[in-house]
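Taking it in order: structure first as structure tokens, then the write-up.
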Amino acid sequence: MIVAGLGLRSGCGAEGIIDLINSAQARCGRRAGLVAVPAFRYREAGLQAAMARLGLGLRAITPEELLAVQPRCVTRSARALAALGVASVAEGCALAAAGESARLIVPRLTGPHATCAMAQGEDA
């Protein structure tokens, strides 16, 4: 499975999310089958609208899941670390949802109000 992981600011609009996911997909030449976000962002209106337009499933990643995959992430954000206690949100979400043997296929891409990374699970 290919998973797009997102980190986003509160109030992030659907267009920005869609553009970022499309950019990540173009970069690796693969389509995401699932999008993963931190649990506290799951109900964001822009995120829900983007998922409806893209027709993708959405998975909430718990703080414990996000923390557990941090050693496998390749980029670090001092801002995310200070605010959330983890240094990589998008990569962490993608890896956590894609499974224990997942690998990053697109490291963190940064947009104006969101970040996106993509991971490939063992079954992809």
Side-chain angles (χ1 to χ4, degrees):
M1 172 188 310
I2 305 295
V3 178
L6 292 176
L8 55 141
R9 293 184 185 164
S10 181
C12 184
E15 286 301 321
I17 293 168
I18 291 168
D19 289 347
L20 203 49
I21 291 172
N22 285 339
S23 292
Q25 291 178 143
R27 181 153 307 183
C28 67
R30 306 284 303 271
R31 298 227 5 109
L34 179 71
V35 174
V37 297
F40 69 92
R41 291 284 189 231
Y42 186 84
R43 300 221 183 275
E44 285 284 327
L47 175 64
Q48 292 294 326
M51 295 306 96
R53 286 181 48 197
L54 292 171
L56 292 171
L58 184 61
R59 176 164 174 230
I61 302 299
T62 67
E64 296 79 19
E65 290 174 305
L66 197 51
L67 188 59
V69 296
Q70 291 302 296
R72 294 169 47 207
C73 298
V74 298
T75 61
R76 299 181 55 81
S77 165
R79 175 192 250 177
L81 183 59
L84 304 172
V86 294
S88 185
V89 177
E91 291 178 359
C93 286
L95 288 167
E100 288 184 27
S101 62
R103 64 182 179 84
L104 285 173
I105 56 174
V106 177
R108 180 185 71 199
L109 300 177
T110 303
H113 303 290
T115 57
C116 182
M118 292 183 66
Q120 177 175 324
E122 189 174 278
D123 62 342

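Treat the numbers as computed from the prediction; the structure is a model and nothing was measured. Basis for what follows: all heavy atoms, side chains included, without hydrogens, waters or symmetry-related copies.
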Going from [atom1] on [X] to [atom2] on [Y], what distance comes out if it is rounded to the nearest 0.5 angstrom?
X    : Y    : atom1 : atom2 : result
L66  : C93  : CG    : SG    : 5.0 Å
L95  : M118 : CG    : CE    : 12.0 Å
C116 : D19  : SG    : CG    : 11.5 Å
L109 : L6   : CG    : CG    : 10.5 Å
Q25  : R30  : CD    : CZ    : 11.0 Å
L58  : R41  : CG    : CZ    : 13.0 Å

Quick one: closest heavy-atom pair of [X] and [Y], and the distance?
X    : Y   : answer
I105 : C28 : CD1-SG, 3.8 Å
V89  : A80 : CG2-CB, 4.2 Å
A114 : C12 : CB-SG, 4.0 Å
G92  : V69 : O-CG2, 3.3 Å
T115 : A90 : OG1-CB, 3.4 Å
E44  : S10 : OE2-OG, 3.5 Å

Are [Y] and [X] co-members of a hydrophobic cluster defined by side-chain heavy atoms under 4.5 Å apart?
X   : Y    : answer
I2  : V106 : yes
M1  : L56  : no
L67 : I61  : yes
V37 : I18  : yes
L54 : L47  : yes

For E15 and R53, what are the C-alpha separation, side-chain angles and deciding distance, and is it a salt bridge (Lys or Arg N to Asp or Glu O under 4.0 Å)? CA-CA 10 Å; E15 286 301 321; R53 286 181 48 197; 2.5 Å; yes

Between Q120 and L104 (side chain of the first, backbone of the second, donor and acceptor by atom type, cut-off under 3.5 Å), is there such a pair? no

Kindly say whether Y42 contributes a backbone atom to a donor-acceptor pair with the side chain of Q48 at under 3.5 angstrom? yes

Taking R72 first and then E100, would you say they form a salt bridge - that is, a charged N and a carboxylate O separated by under 4.0 Å?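 Here R72 does not pair with E100 in a salt bridge, since their nearest N and O are not under 4.0 Å apart.
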
Indicate whether any N or O donor in one side chain lies under 3.5 Å from an N or O acceptor in the other, for T75 and E91.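 Looking only at side-chain atoms, E91 and T75 do form a donor-acceptor pair, the distance falling under 3.5 Å.
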
